[in-house]
Amino acid sequence: MYPQSPVHDPTIQNLRASSPPTPTTRLAPSPTGSLHLGNAFAFVINWALARKHGWHTALRIEDLDTSRVKSGVIDQTIRTLEWLGLDWDSGPTTQSGDIPRYQHAMDTLAQAGHVYPCELTRTQIEQAASAPHTGSADAHAIHEVRFNPDLRPSQIPSAFDDADGADDAGTNWRFWVQPGSIEFTDTHMGCQSFDIDTLLGDFVVWTKRTTPSYQLAVVVDDAAAGVTQVVRGNDLLDSAARQLMLYRALGITQEPTYTHLPLIRGIDGRRLAKRHGDTRIESYSNSGTSNERVIGLLGYWSKITQERSPMSILEFQERFTLDTLPTDDIVFTPEDDAWLRS
Ligand code: GLU
């Protein structure tokens, strides 16, 4: 129904490497359910920065996790973005229609010896973990078990085969993580350093469902679309380190600038979810809340206003600045909810 993303073309990539890239960003919703206030916060800020700075804005629907994509949700996601007042210059595109482009990236990784098939189960990986990973309450902690390097195969294949499982059903492929830290400067969160080898070890880039993992798909898609600006929630801060590893392993020289935003949390400190009540944008709009009230709350959270007051999307775009935006996560309070419903 929706067009596929542009096909990966190495010649375009080379041209991009030698001429200054067009500043480009993307709105990349996962169609896993209705967008809630936390999603809206990130998308509205991404859009405002793009319009302020004149970045080309592409809409990409991240629909690869097909087990979670419910029918009708893509249209609903787009309608919600429009209701908020957002627009875009290209798209929507979806990821699911062009799996060969990701296979092509896997070929490149396999030829350079960066990836290998791994049929170990989660339990086997947990049992072999050298030390239990102590995930803290920190927003940025990686909540996955570290993959013990002793579990690596003795031989690494030089070609990618996505049916390379015991029963030809498909298998996970992992990226061989080199020791050392990946460092980058986030526009909002400042200097970052992640030692992925110690934190996480070899991570999955291709899944046994014969689709790329999120980490690989996002790099291939962002590179193909010439994305220079990635703006998203800080739950993906450590993913940026994994994604930069993949850019380098794939030989893609145009790496994006990252801007990670505070998450919206409930009063229990947990990430906004169903347990905090119905914070879906659709539910507020259905019960008569205006989009200006929602945008007004996002403006209040961004500290561009001292009080909650209705605001147009254009006023938000004009007034928004990262200078006032907190770096700490933001709490959605009962007062916020009452104000939206008043
Ligand atoms: N699809 C992800 C989300 O909806 C965003 C991924 C990204 O921006 O890299 O949270």
Side-chain angles (χ1 to χ4, degrees), residues 27-49 59 61-63 65 68-86 137-140 143 188 214 231-237 259-313 315-317 319-320 324-342:
L27 304 173
S30 300
T32 48
S34 299
L35 300 184
H36 58 58
L37 286 167
N39 305 124
F41 185 61
F43 289 128
V44 166
I45 291 177
N46 192 353
W47 177 89
L49 287 171
L59 176 62
I61 309 288
E62 304 214 311
D63 67 337
D65 200 353
R68 292 194 298 156
V69 178
K70 298 180 204 134
S71 79
V73 174
I74 294 183
D75 289 326
Q76 191 185 43
T77 302
I78 294 171
R79 276 199 307 274
T80 302
L81 295 176
E82 288 170 343
W83 183 84
L84 288 166
L86 309 189
D138 174 36
H140 315 135
H143 297 291
H188 190 53
Y214 157 72
V231 181
R232 59 189 181 191
N234 70 24
D235 53 328
L236 293 170
L237 195 57
T259 305
H260 285 90
L261 308 171
L263 293 188
I264 308 300
R265 295 183 177 271
I267 42 173
D268 56 0
R270 295 167 79 186
R271 208 192 302 183
L272 204 59
K274 279 192 187 129
R275 70 180 82 89
H276 301 112
D278 193 351
T279 66
R280 292 173 306 149
I281 301 301
E282 193 192 27
S283 141
Y284 287 112
S285 72
N286 286 346
S287 53
T289 303
S290 69
N291 56 358
E292 299 210 340
R293 214 160 246 268
V294 173
I295 302 295
L297 179 61
L298 308 183
Y300 172 71
W301 282 343
S302 308
K303 297 212 185 314
I304 57 178
T305 52
Q306 301 304 312
E307 307 280 337
R308 300 174 192 86
S309 58
M311 186 183 285
S312 73
I313 188 76
E315 187 183 350
F316 184 95
Q317 182 222 299
R319 296 182 63 176
F320 179 80
T324 57
L325 183 73
T327 47
D328 287 341
D329 289 348
I330 293 161
V331 177
F332 170 66
T333 63
E335 293 74 35
D336 292 330
D337 186 57
W339 184 75
L340 286 177
R341 295 185 189 281
S342 59

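In this structure, CD1 in Ile45 is found 10.5 Å from OG1 in Thr259, a value given to the nearest 0.5 Å. Atom OH of Tyr300 is separated from atom CE of Met311 by 12.5 Å, given to the nearest 0.5 angstrom. Here the CG-CZ distance, from Leu261 to Arg232, works out to 10.0 Å after rounding to the nearest 0.5 Å. To the nearest 0.5 Å, the span separating CD1 on Ile281 from CH2 on Trp83 amounts to 6.5 Å. Between atom OG of residue Ser30 and atom OH of residue Tyr214 there is a gap of 8.0 Å, rounded to the nearest 0.5 Å. Note that OH of Tyr284 is 7.0 Å distant from CG of Asp278, once rounded to the nearest 0.5 Å.
Between His276 and Asp268 the shortest side-chain heavy-atom distance falls below 4.5 Å. Residues Trp47 and Leu84 have side chains not in contact (no heavy-atom distance under 4.5 Å, counting atoms from C-beta outward). At a threshold of 4.5 Å between non-hydrogen side-chain atoms, the residues Pro29 and Asn39 do not count as touching.
The two residues Leu297 and Trp339 make their nearest non-hydrogen contact at N-CZ3, 3.9 Å. The two residues Ile264 and Gly38 come nearest to each other via the heavy atoms CG1-CA, 3.7 Å. The nearest pair of heavy atoms linking Leu49 to Phe320 is CD2-CE2, 3.9 Å. In this structure, Ala40 and Leu298 approach most closely via the heavy-atom pair O-CD1, 3.9 Å. The two residues Ser302 and Thr324 make their nearest non-hydrogen contact at O-OG1, 3.0 Å. Here the closest non-hydrogen pair linking Pro262 and Leu325 is CD-CD2, 3.7 Å.
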Worksheet item: Do Ile78 and Ile61 pass the side chain to side chain contact (heavy atoms under 4.5 Å, CB included) test, and can you show the C-alpha distance, the side-chain angles, and the key distance before you say yes or no?
Response: CA-CA 9 Å; Ile78 294 171; Ile61 309 288; 4.2 Å; yes

Worksheet entry | side chain to side chain contact (heavy atoms under 4.5 Å, CB included) assessment of Leu81 paired with Leu35 | CA-CA 9 Å; Leu81 295 176; Leu35 300 184; 3.7 Å; yes

Worksheet item: Is there a side chain to side chain contact (heavy atoms under 4.5 Å, CB included) between Ile313 and Leu86 once you walk through the steps?
Response: CA-CA 8 Å; Ile313 188 76; Leu86 309 189; 3.7 Å; yes

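Under the salt bridge (charged side-chain N to carboxylate O under 4.0 Å, His left out) criterion, the residue pairs touching residues 283-309 are Arg308-Asp336, with sequence neighbours excluded.
Applying the salt bridge (charged side-chain N to carboxylate O under 4.0 Å, His left out) test to Arg79 and every residue at least two apart in sequence or in another chain returns nothing. For Arg341, the side chain to side chain donor-acceptor pair (under 3.5 Å) partners are Asp337, not counting sequence neighbours.
Distance alone, capped at 3.5 Å, places no donor-acceptor pair between the Asp75 side chain and the Gly72 backbone. Between the side chain of Arg319 and the main chain of Ile304, a donor-acceptor pair closer than 3.5 Å is present. Checked by atom type and distance alone, the side chain of His188 pairs as donor or acceptor with a backbone atom of Pro326 at under 3.5 Å. In this structure a side-chain-to-backbone donor-acceptor pair under 3.5 Å is missing from Thr77 to Pro31. Side-chain atoms of Asn234 never come within 3.5 Å of backbone atoms of His260 as a donor-acceptor pair (strictly under, hydrogens ignored).
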